[in-house]
Amino acid sequence: MARRVSVQTRIGFTVLAWAVALLLFSPILWTLLTAFKTEAEAIATPPTFFPQNFTLENFEAVQDRSDYIKHAWNSIVVSVGSTLLGLIIAIPAAWSMAFAPSKRTKDILMWMLSTKMMPAVGVLIPIYLIFRDLRLLDTVHGLTLIMTLINLPIIVWMLYTYFKEIPVDILEAARMDGAELWNEIVHVLVPMAVPGIASTLLLNVILAWNEAFWTITLTSGRAGTLTAFISSFSSPQGLFLAKLSAASLLAIAPILLLGWFSQKQLVRGLTFGAVK
Amino acid sequence: MATKQTRALARTMMAPAVIVLFIWMIVPLVMTLWFSFQNYSLINPMMTGFAGWANYVYVIGDPSFTQALVNTLILVGGVLIITIVGGTFLALLLDQPIWGQGILRILVISPFFVMPPVAALIWKNGFMHPGYGMLGHLWKFFGLQPVDWFNQYPLFSVIVIVAWQWLPFATLILLTALQSLSEEQREAAEMDGANAANRFRYIILPHMARAITIVVLIQTIFLLGIFAEIRVTTGGGPGYASTNIAFLVFRTGILSNDIGAGSAGGVVAVIIANIVAIFLMRAVGKNLDA
Amino acid sequence: MGSITLEHVNKSFGEVQVIPDISLDIKDGEFVVFVGPSGCGKSTLLRLIAGLEDTTSGIIKLDGQDVTDAAPAKRGLAMVFQSYALYPHMSVRDNIAFPLKMAKLPPEVIAQKVDYAARTLNLASYLDRRPRALSGGQRQRVAIGRAIVREPKAFLFDEPLSNLDAALRVNMRLEITELHQQLKTTMIYVTHDQVEAMTMADRIVVLNAGNVEQFGSPLDLYKKPANRFVAGFIGSPKMNFVDGPEAAKHNAHSIGVRPEHFKLSTTEGAWKGTVGVAEQLGSDTFLHVQTDGLGLMTIRTDGDQTFKHGDVVYLTPDATRIYKFDAAGKAI
């Protein structure tokens, strides 16, 4: 990109872009700064920008009040667990679709995509009742199962688009070299697709982490994830703005970091390979 | 191209994914359909039996349904307009030669990674609260009366929050599409005497048309199911002022324990989503051939 | 041992018949080249033998044993791909060792065989590199190394040299031929390049539209082409063909004369023509001559000839080396 522009133009665009970007980022910045303020300072008029009395007490209070660590652990188990489970089911399926396609492969892919479009409320009630009867309500494994199912189409699709880029020659070479299917997948396909599998893993962990329909409707105290944990802050109780910020920061920080690393994959994953 | 053996293996390998998804799709859907024709309330176990269309009549006939449907359309439409227009603007801006592009991208994309309840709470308490929210302070700074956003403009407030979350998604995808436009094509247009406005109108916009379509369709799928933002901020109120179809089903089925009516609402939601889905599948399907 | 027999092999992809009916008998230790224009089915035929595609009908035998339905892994054949198909995530050593690992040989045996193959192919100093750090020729050698370590019944080469530059191609051609002389294992080699076919093969299978046009030794094909297609395909530059009354003089529907089988004169001869382009290669000169009434002809003459555009020349075909064909294109 060697577009020639004058320095003035460049400065102009830079200032404008930074202004807009900071505006968009301001809610997150506000959360970051308020988390380290005292409750009194958080609601002070006029508001302060940087914390005047830098404090970590909000984080302690959040942990004491609603056990952040337990919820975070649930979030980790559900998001990572469902993604890994999804990968185990999806890798063989994506292998089939990418390397031994049949006339129906495209239809199956589209059908998988269509399950993703079913609105959750359409099936909320039966799932709720089934979970109640199977005693899966408010359990981590129940939630993991649901999360696996809702993200499975995306996992299959992402892997499929990555696998498509691997030359089939190499898999055939492995077959000629005497590799059975298991060896072909474990020793050749998976190592070659590591970047794609990692991106898939990352994006799906993010999606599962932020999923806020099933996590809220199917859990309460025991298996609550961070989305449920945060929702419990929705009813204000006295001075709580700083604590809310601390809790929010704790809930979004890990995924924000992961998200920054996975921008490119995000586009590909969420558009089902339609935009690369 | 593969051998019969490979193809047979392929079917086996695909089976688990296909089977679990099939069950996941069909079982609850059939149950929802079944319940929607039943008298079924968790509060009143005496109410049983075939209900005919009664649940549908009850749900659709209720003024809350009409309002929820209108709210859903306004919510989806409003967010789409803000994110597409804003996203196109931001994508064009970020594509300019500017300093700190990498950091800017990170700042702009960040809201997308904020989980919905957090986004809702930050906006509700940190920005839109009339007492100590940032917008309140800003209004006061200009000598105005702070607005009680969630009481006065509940649906609009929800739209703002959701648009904030989805603007990065639209921006990122439109930016990706924009950057795939070859520099040569742009330069050729410049050589042909097209000014900036013409280049946007005749070169850039047609090139991004497909990406815009995809953004519209994918966002619509997600936006139809907006839930957490409403649950955390307004609870659907005041009254039904900010209740969409998804939240209405939750209210009827889970909060009021009317399984039959809730299911009927669910079926309606599925039908609406399917109409959108057909269009999305066409767009994505076309790309599969390419 | 590695004799390969094809009996009435047919392959169709849906409605499209790629190979209508082929029967071939390849002897143990033979170097057989499948040659033909692109789309003639030569690669498909190789993949059928490899087991990467299955036959629609017909039987494939390895050492007399029916392997038509055996998986590629079970056939004991090795294949070298056009793209080399090296495993990019493995070192050269692991690439070569892979088939042995799959055969579950003990590590010390694997190490020994890999070392031996590496020394044979001059790869010893690259063993710890990744394929991406190698040149095209080295990658090709790794692919061959991976094929030879498992001591297969036969080697299958699918256009292995087409991604290399011209000079390297000549080198590798020699190396593969030498390898064959050393190992004496059956090799089947697919190429569209008739020079490779002529220089490397014991016997050549000329394929056209899925049919075997001729199966014979390189000189057989050159001297006694079975039909007009083989005559035109084998030999470079291509044979010149003449139809009509001039051919009727020889009691044939058409006749063919190779560029090297002309007598050239500036004063008299059978056919008169004008020089169009003269390609001077030093050792040879190829003249493209526009003849009066017989079309464009290519003449091969020695490098000292200095013809220019527009010179008038007379061509006289060597009467003993005129190929005659009937209306169906078959040699008479």
Side-chain angles (χ1 to χ4, degrees), chain A residues 1 3 5 10 13-14 16-17 21 24-25 27-28 30-31 43 46-47 89-90 92-93 95-96 100 106 110 112 114-115 117-123 125-127 149 152 156 181 206 210 212-213 216 227 230-231 233-234 241 244 248 251-252 255-256 259-260 263 267 270-272 274-275, chain B residues 2 6-7 9-10 13-14 16-17 21 24-25 28-29 31-32 35 93-94 96-99 104 106-111 113-118 121-122 125-126 132 137 172-173 176-177 211 214 221 224-225 227-228 232 246 249 253 259 262-263 266 269-270 273 277 281 284-285 287-288:
Chain A
M1 296 255 281
R3 245 175 297 162
V5 287
R10 194 166 173 168
F13 276 130
T14 304
L16 184 61
L24 281 175
F25 192 72
I28 297 171
W30 175 86
T31 312
I43 57 165
I89 303 172
W95 171 87
S96 302
K106 198 183 144 183
M110 295 314 277
M112 286 193 170
S114 75
T115 67
M117 293 171 195
M118 192 165 54
V121 289
V123 295
I125 288 163
I127 294 293
L149 289 168
L152 190 57
V156 172
L181 182 62
I206 294 172
N210 286 345
F213 181 79
I216 292 174
T227 47
I230 285 298
S231 303
F233 281 80
S234 58
L241 212 48
L244 171 70
S248 299
I252 64 172
I255 229 63
L256 214 46
W260 290 341
Q263 293 180 53
V267 173
L270 283 178
T271 60
F272 302 95
V275 176
Chain B
T6 317
R7 278 194 295 272
L9 257 176
M13 303 280 276
M14 213 152 55
L21 276 177
W24 162 242
M25 185 184 79
L29 204 58
M31 284 175 76
T32 304
F35 291 149
L93 187 58
L94 288 178
Q96 301 301 322
I98 42 178
W99 283 291
L104 277 175
I106 285 178
L107 292 184
V108 171
I109 189 70
S110 293
F113 298 117
V114 175
M115 54 175 67
V118 167
L121 284 178
I122 295 175
N125 298 298
Y132 43 77
H137 288 303
L172 195 61
I173 286 178
T176 308
I214 286 165
I221 295 294
L224 282 173
F227 173 78
V232 170
V249 174
I259 301 297
S263 297
V270 170
M281 309 278 275
V284 178
N287 185 65
L288 257 187

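Letters go in sequence order (proteins before strands), and every chain restarts at 1.
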Practice item. Could you point out which residue of Leu104(B), Leu93(B), Ile98(B) forms a side chain to side chain contact (heavy atoms under 4.5 Å, CB included) with Thr14(A)? Key: Ile98(B)
Study note, to complete from the structure: Tightest non-hydrogen contact, residues Pro111(B) and Ile28(A), listed as N-CD1, 3.9 Å
Study note, to complete from the structure: Between Leu256(A) and Ser110(B) the two heavy atoms that sit nearest each other are CD1-O, 3.5 Å
Check your understanding: Which distance, rounded to the nearest 0.5 Å, do you find between the CG of Leu21(B) and the CG of Leu152(A)?
Key -> 4.5 Å
**Study point:** Closest-packed option against chain B by number of heavy-atom pairs under 4.5 Å, given Ile255(A), Thr227(A), Ile206(A)
**Key:** Thr227(A)
Review point. Residues in side-chain contact (heavy atoms from CB on, under 4.5 Å) with Ala228(B), at least two apart?
Key: Ala212(A), Ile216(A), Pro116(B), Pro117(B)
Check your understanding: Heavy-atom distance under 4.5 Å between the side chains of Trp260(A) and Ile109(B), does that happen here?
Key -> yes
Check your understanding: To the nearest 0.5 Å, what is the distance between CZ (Phe113(B)) and CG (Asn210(A))?
Key -> 9.0 Å
Practice item. Please state whether the side chain, the backbone, both or neither of Leu224(B) comes within less than 4.5 Å of a heavy atom of chain A. Key: neither
Review point. Of all heavy-atom pairs between Gly262(B) and Ile125(A), which one has the smallest distance, and what is that distance?
Key: C-CD1, 3.4 Å
Review point. Partners of Phe213(A) by ring pair (Phe, Tyr, Trp, His ring centres under 6.0 Å), sequence neighbours excluded?
Key: Phe227(B)
Point to revise | Largest heavy-atom contact set with chain A, pairs under 4.5 Å, which of Val108(B), Leu94(B), Ile106(B) | key: Ile106(B)
Revision key, fill the gap. Per-residue tally against chain B (heavy atom, under 4.5 Å) across Ile127(A), Leu149(A), Leu16(A), Ile89(A) peaks at Leu149(A)
Point to revise | Closest non-hydrogen atom pair, Leu241(A) against Gly126(B) | key: CD1-N, 4.4 Å
Practice item. Find the one option among Ala17(A), Pro27(A), Ala93(A) whose heavy-atom pairs under 4.5 Å with chain B are most numerous. Key: Pro27(A)
Exercise for review: Could you tell me which of Ala90(A), Ala120(A), Pro126(A), Gly259(A) has the largest number of non-hydrogen atom pairs under 4.5 Å with chain B?
Suggested key: Pro126(A)
Revision key, fill the gap. Separation between CD1 (Ile122(B)) and OG (Ser248(A)), nearest 0.5 Å, reads 5.0 Å
Study note, to complete from the structure: Heavy-atom nearest pair, Val123(A) first then Thr32(B), reads CA-OG1, 3.9 Å
Check your understanding: Do Ser96(A) side-chain atoms and Met13(B) backbone N/O form a donor-acceptor pair below 3.5 Å?
Key -> no
